[in-house]
Amino acid sequence: MIELTYQPLDPERITDAVRRDSNGAVVTFLGTTRDHFEGKRVVRLDYEAYEEMAVKKMAEVRQELQARYSIEDIAIAHRIGTVDIGQISLVIAVASPHRKEAFFACHEAVDRIKEIVPIWKKEVYEDGSRWVACEDHEFSGQEPATIPAGDG
Amino acid sequence: MIELTYQPLDPERITDAVRRDSNGAVVTFLGTTRDHFEGKRVVRLDYEAYEEMAVKKMAEVRQELQARYSIEDIAIAHRIGTVDIGQISLVIAVASPHRKEAFFACHEAVDRIKEIVPIWKKEVYEDGSRWVACEDHEFSGQEPATIPAGDG
Amino acid sequence: MHLDVTFFALYRERAGCNRFPLDLPDGATVADLTAEIRRHFPRLAPPEVKIVVAVNTDYADPDLILRDGDEVCLIPPVSGGHRHD
Amino acid sequence: MHLDVTFFALYRERAGCNRFPLDLPDGATVADLTAEIRRHFPRLAPPEVKIVVAVNTDYADPDLILRDGDEVCLIPPVSGGHRHD
């Protein structure tokens with residue numbers, strides 16, 4: 001299950017999508033919007049996606065981890081648009097017969113999604129806003145290692 | 001939150017117990033009863049606890065991980081009694097500002113609970129039953145390293 | 001001293017009882033207790049398997065000295081790290 | 001060849017548009033495209049920051065040769081591994 005939506009996410013529904021009687025372990029990650037960033041009060045987040053590519057890359061992350069851990073049951077759902085504080089922007093649910101694979105695959109799924117899926121977030125403060133990762137990356141001069149440089 | 005109960009577990013309620021606006025990541029583990037074990041069909045599991053000590057050891061695991069990862073929000077709920085196939089016997093929810101701590105603490109919590117909390121499970125097959133860990137440990141002659149040997 | 005020893009799970013089934021009353025000399029240790037238990041229930045655990053004991057809801061070392069009225073429970077291995085539910 | 005280049009997030013805001021039409025000689029590469037984009041939008045990204053390009057919904061190497069009508073998008077860095085939501 002891959003989902004990119006402007007609607008609130010329902011973690012229980014997404015978790016249920018991976019539960020099967022042959023699985024003994026289900027690991028779920030919820031990414032929620034935090035109320036502060038480096039001392040600044042965040043009032044909401046605005047997520048923007050290159051939607052067609054985002055869905056494709058989410059599916060690639062899913063396939064990558066299915067192959068690496070020999071598991072089938074991975075669900076990834078990302079919310080975009082405005083997400084208020086404390087709400088869920090990302091749900092990843094992984095089920096497998098044994099827990100170790102479920103923990104590793106879920107953790108790696110989050111890391112990979114944040115590396116390669118073209119979704120951006122803007123933190124909106126009381127007195128301004130900021131595209132979060134963009135500025136960081138400019139500061140460090142680093143691109144994610146897995147994304148080929150597009151500039152000559 | 002520590003809970004030991006004969007009632008079905010509600011993962012959403014337990015997860016909600018750790019969600020706060022200052023946390024950006026919530027990792028949840030569900031342990032569910034599998035329908036097979038080494039080729040044998042399992043029809044249900046019966047969990048038995050030394051209840052007073054189990055609650056105490058669950059709280060110790062929680063405190064141990066709170067200290068190790070400097071996080072507060074850990075909820076542990078274990079169901080005992082008869083648990084049908086596909087149902088949830090264990091829920092661990094960990095929330096923290098950053099995801100790495102939440103993943104590590106949740107994974108370690110499962111491992112520690114299975115090591116030191118006195119809860120036993122009996123797999124019931126169509127043609128018999130078996131106390132799961134007991135026989136394994138007898139076969140290997142190993143005790144969990146963290147439990148002092150009680151025998152002279 | 002007098003103790004009531006509680007059995008759980010596999011040990012309860014093998015012993016055929018939940019609880020077993022035991023009189024031990026003053027100064028007896030956990031190791032003395034498990035030796036006595038093995039005499040009463042020779043099939044409880046194979047000789048190479050250590051019997052884990054909880055005293056007053058904590059895991060107890062073999063050399064812990066027991067006191068009259070201690071809450072003593074025999075703990076078969078718990079679910080274990082390498083296999084999960 | 002003719003391409004419509006799409007901007008997202010920070011790049012969209014800095015460029016002041018969602019989409020920018022661009023004519024490039026046949027045989028032009030992704031590197032040629034980003035050089036041209038930098039000439040039109042000098043404040044889009046500092047010189048030390050590489051501009052990542054997606055062509056037809058995949059990340060493209062700088063030496064990829066573009067074709068007329070390719071779907072070209074400029075990708076500011078995504079949420080990133082060291083910071084999460």
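- Counting heavy-atom pairs under 4.5 Å between each of B/P11, B/A95, B/C106 and chain A puts B/C106 at the top.
- When all heavy atoms of A/F29 and B/F103 are compared, the closest pair comes out as CD1-CE1, 3.6 Å.
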May I have a table of the donor-acceptor pairs connecting chain A and chain B at distances under 3.5 Å?
from, atom 1, to, atom 2, distance (Å)
A/R19, NH2, B/G86, O, 2.7
A/D21, O, B/D35, N, 2.9
A/N23, O, B/T32, OG1, 2.8
A/G24, O, B/T32, N, 2.9
A/V26, N, B/L30, O, 2.9
A/V26, O, B/L30, N, 2.7
A/T28, N, B/T28, O, 2.8
A/T28, O, B/T28, N, 2.8
A/L30, N, B/V26, O, 2.7
A/L30, O, B/V26, N, 2.9
A/T32, N, B/G24, O, 2.8
A/T32, OG1, B/N23, O, 2.8
A/D35, N, B/D21, O, 2.9
A/G86, O, B/R19, NH2, 2.7
A/R99, NE, B/D111, OD1, 2.9
A/R99, NH2, B/D111, OD1, 2.7
A/D111, OD1, B/R99, NE, 2.9
A/D111, OD1, B/R99, NH2, 2.7

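- Applying the side chain to side chain contact (heavy atoms under 4.5 Å, CB included) rule to A/A54 yields the partners A/L4, A/A49, A/V117, A/P118, A/I119; only residues at least two apart in sequence or on another chain are considered.
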